[in-house]
Amino acid sequence: MTTFDAPVSLTTLPSLSFAGGPAAEAGADVLVLAARTPEGDENGPQLLADGAGLDGLDLPALEALLATLGFTGALDEVVRVPAAALPGSRAGADVLLIVGTGEELARSADPARDSGALGVTRASVLERAAARAARALAGTGSACFALCADDEAGVLRVAQGALTGAYAWAGRVPAPTAPLGRVVVLLPAGVAEPEAAAVLALAEGVALTRDLVNEPPNRLTPEVFARVARAAASSVGLEVEVLDEAVLAEQGFGGILGVGQGSVHPPRLVHLTWAPEGARRSVALVGKGITFDSGGLSLKPAASMPEMKSDMAGAAAVLGTVLAAARQGLGVRVEAWLALAENLPAADAQRPSDIVTMYGGTTVEITNTDAEGRLVMADALARAAEEQPDALLDVATLTGAQIVALGERIAGVMGTPALRDAVVGAAVAAGEAFWPMPLPEHLRSRLDSPYAALRNAVMGSRGGGMLTAGLFLREFTGSVPWAHLDVAGPAFNDGEPWAGVPKGGTGAGVATLLELLRGYEG
């Protein structure tokens, strides 16, 4: 058995700067441009060039060259062109990299499509283009991004895309190709250089979330995760409290203890607080942190096991979010709760038919030990609700039913309707895809048990599994406005990289939660 005594190190991000004036003077190795597929009777890919500072570059000649190379401008398509292939042009770089945006800009404004409701806006399209380009530029020293952002917000989104797209997990063996080293974002005319601290804080939060999800479970046990959280909290001035198994037992956290009792690595509940002076409102965030989920005695199929190191992605996202909130100096109190346990089928593992007493006294019959996430979350939700925050949100890779319903790139959100809709609005602003889901009252009776107040899972029916899980969690939120974010699909990419999304941990939810927190400032 191997564990890390030191905290998981944060993957190094590229350096970031902004430049006014023409791209030819940015002094980068590569100049990044964007193109779209042609519309109507247009021929060949169309470069996005309005206000991009591309004076001195022969754009018609470049478009003609791209067409001969077979480049269409399709979404996420990339091509490299030596600057020498455009005699007489001044690119200021040896290489041009052109990234396609496809038809996304048109779709983002099309009221007949759901694209806009899923976070596809002009800003998110440019962010995606920057991220895809940065991923393609691994091993490159520097790149200037001239992607036609038309205001400060757009410039920051391009910067965000470039930083997150350049991510490479530092723990990989053998080591990955070094990521892009320096990002220069070209400023449109009339836009002053923006403050980079906020975008850097968000990128660091996403990177840390990805790092934690990518760590193997023999190196990231509940105890190690708690140490990582404590070390990270001390670096930004957060208050931190770690409840070990003895304290959890003393205070009655039966859900977390029950899930963790089959593992030699005992559970933890980590409480982090960002308490800025003068904050008048508070938001509680709860993250599911199952550092490995075998399913317990209700054992998962072997093919489902390898990605179960990612079952702590909700807790990682909450940690990344509260750290970013502190680095950004957000004027809202944030109470973050990380419910950490390992779900294994050892000698004293929790059994189907066991009855556990949750924090606050609610009894639950265990019908499926693979429905463990809702147990650790329920304990943490009940504790967080005692503080009566203005809003209570939980983030979890909770159900396979979420993937069945919405696929692998769209998260589901349930809860108090007003807060649920606010989460969707924050996701649109952040460029993430969340879809509102109902909590039908007629499904609540499926959770009734003849032996306890509730049962943890509905057996014998696969219908509405995401929704009944949400209804279970609702029982532990009291009267506090609450939203449940099921990120089972989007939190971990088991396929090939796409856009700026790497293989493995994605950091899903961090940008949305930060955007939502900004709405509670003041």
Side-chain angles (χ1 to χ4, degrees), residues 113-120 213 286-288 290 293 295 298 300-301 303-304 307-308 310-314 317 367-368 370-375 377-378 381 393-417 419-428 430-447 455-475 477 482-495 498-499 501 505-509 511-513 516:
R113 296 179 182 270
D114 282 328
S115 298
L118 289 170
V120 180
V213 172
V286 175
K288 174 186 172 184
I290 304 299
D293 180 20
S298 303
K300 291 180 182 293
S304 300
E307 65 184 68
M308 284 301 102
S310 70
D311 213 18
M312 37 57 67
T367 54
N368 183 353
D370 195 24
E372 84 300 327
R374 65 200 68 184
L375 297 173
M377 296 293 281
L381 282 167
L393 299 100
D394 72 77
V395 191
T397 51
L398 203 65
T399 65
Q402 181 273 316
I403 303 174
V404 173
L406 295 173
E408 296 176 338
R409 298 186 184 182
I410 302 172
V413 55
M414 293 145 269
T416 309
L419 184 55
R420 176 198 64 198
D421 294 345
V423 171
V424 173
V428 170
E432 293 194 298
F434 279 80
W435 199 254
M437 302 298 291
L439 291 176
E441 296 300 332
H442 71 274
L443 294 179
R444 169 58 184 81
S445 61
R446 295 186 182 185
L447 296 171
R455 55 181 174 175
N456 77 318
V458 179
M459 305 301 291
S461 173
R462 300 182 64 186
M466 172 172 50
L467 311 183
T468 53
L471 287 165
F472 180 90
L473 295 179
R474 189 181 68 177
E475 295 291 313
T477 61
W482 158 75
H484 161 54
L485 285 62
D486 194 334
V487 296
F492 190 80
N493 177 27
D494 197 35
W498 58 276
V501 177
T506 67
T512 293
L513 290 173
L516 185 80

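Throughout, residue positions are numbered sequentially from 1 according to the sequence presented.
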Run Leu473 and Leu398 through side chain to side chain contact (heavy atoms under 4.5 Å, CB included) and show every step you take. CA-CA 11 Å; Leu473 295 179; Leu398 203 65; 3.8 Å; yes
Nearest 0.5 Å please: distance from the [atom1] atom of [X] over to the [atom2] atom of [Y].
{"X": "Asn456", "Y": "Thr468", "atom1": "CG", "atom2": "OG1", "value": "10.5 Å"}
{"X": "His484", "Y": "Arg420", "atom1": "NE2", "atom2": "CZ", "value": "13.0 Å"}
{"X": "Glu307", "Y": "Thr397", "atom1": "CD", "atom2": "OG1", "value": "9.5 Å"}
{"X": "Leu419", "Y": "Leu516", "atom1": "CG", "atom2": "CG", "value": "6.5 Å"}
{"X": "Trp435", "Y": "Met414", "atom1": "CH2", "atom2": "CE", "value": "14.0 Å"}
{"X": "Asp486", "Y": "Ile410", "atom1": "CG", "atom2": "CD1", "value": "13.0 Å"}

Contact summary for [X] and [Y], nearest pair of heavy atoms:
{"X": "Phe472", "Y": "Leu447", "value": "N-CD1, 3.6 Å"}
{"X": "Glu432", "Y": "Gly507", "value": "OE2-O, 4.3 Å"}
{"X": "Pro436", "Y": "Asp421", "value": "CB-OD1, 4.5 Å"}
{"X": "Ala508", "Y": "Pro490", "value": "CB-O, 3.7 Å"}

Begin with the C-alpha distance, continue with both residues' side-chain angles, and end with the deciding distance and a verdict on side chain to side chain contact (heavy atoms under 4.5 Å, CB included) for Thr506 and Val487. CA-CA 11 Å; Thr506 67; Val487 296; over 6 Å; no
Can you name the one residue among Asp394, Thr399, Leu381 that meets side-chain contact (heavy atoms from CB on, under 4.5 Å) with Arg374?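 With Arg374 as partner, side-chain contact (heavy atoms from CB on, under 4.5 Å) holds for just one option, Thr399.
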Can you spot which of Met437, Glu408, Met466 makes a side-chain contact (heavy atoms from CB on, under 4.5 Å) with Gln402?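 The single option meeting the side-chain contact (heavy atoms from CB on, under 4.5 Å) with Gln402 is Met466.
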Using a strict threshold of under 4.0 Å (side-chain N to carboxylate O), is an ion pair present between Asp311 and Lys288?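 Counted as a salt bridge, because a side-chain N and a carboxylate O are separated by less than 4.0 Å.
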Pair Glu441 + Arg474: basic N to acidic O under 4.0 Å: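 A salt bridge links Glu441 with Arg474.
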For a side chain to side chain contact (heavy atoms under 4.5 Å, CB included) check, start with the C-alpha distance between Phe434 and Leu406, then their side-chain angles and the critical distance, and finish with the verdict. CA-CA 9 Å; Phe434 279 80; Leu406 295 173; over 6 Å; no
Does any N or O in the side chain of Thr512 come within less than 3.5 Å of the main-chain N or O of Gly509, such that one atom is a donor and the other an acceptor?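 No, the answer is negative, given that no donor and acceptor are paired below the 3.5 Å cut-off.
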Main-chain N/O of Ala457 paired to Thr367 side chain as donor or acceptor, under 3.5 Å: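 Pair found, side chain donor or acceptor close to backbone of Ala457.
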Taking atom types as modelled, find out whether Asn368 and Ser298 have a side-chain donor-acceptor pair closer than 3.5 angstrom.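 Checked: Asn368/Ser298 side chains pair up, N/O donor to acceptor below 3.5 Å.
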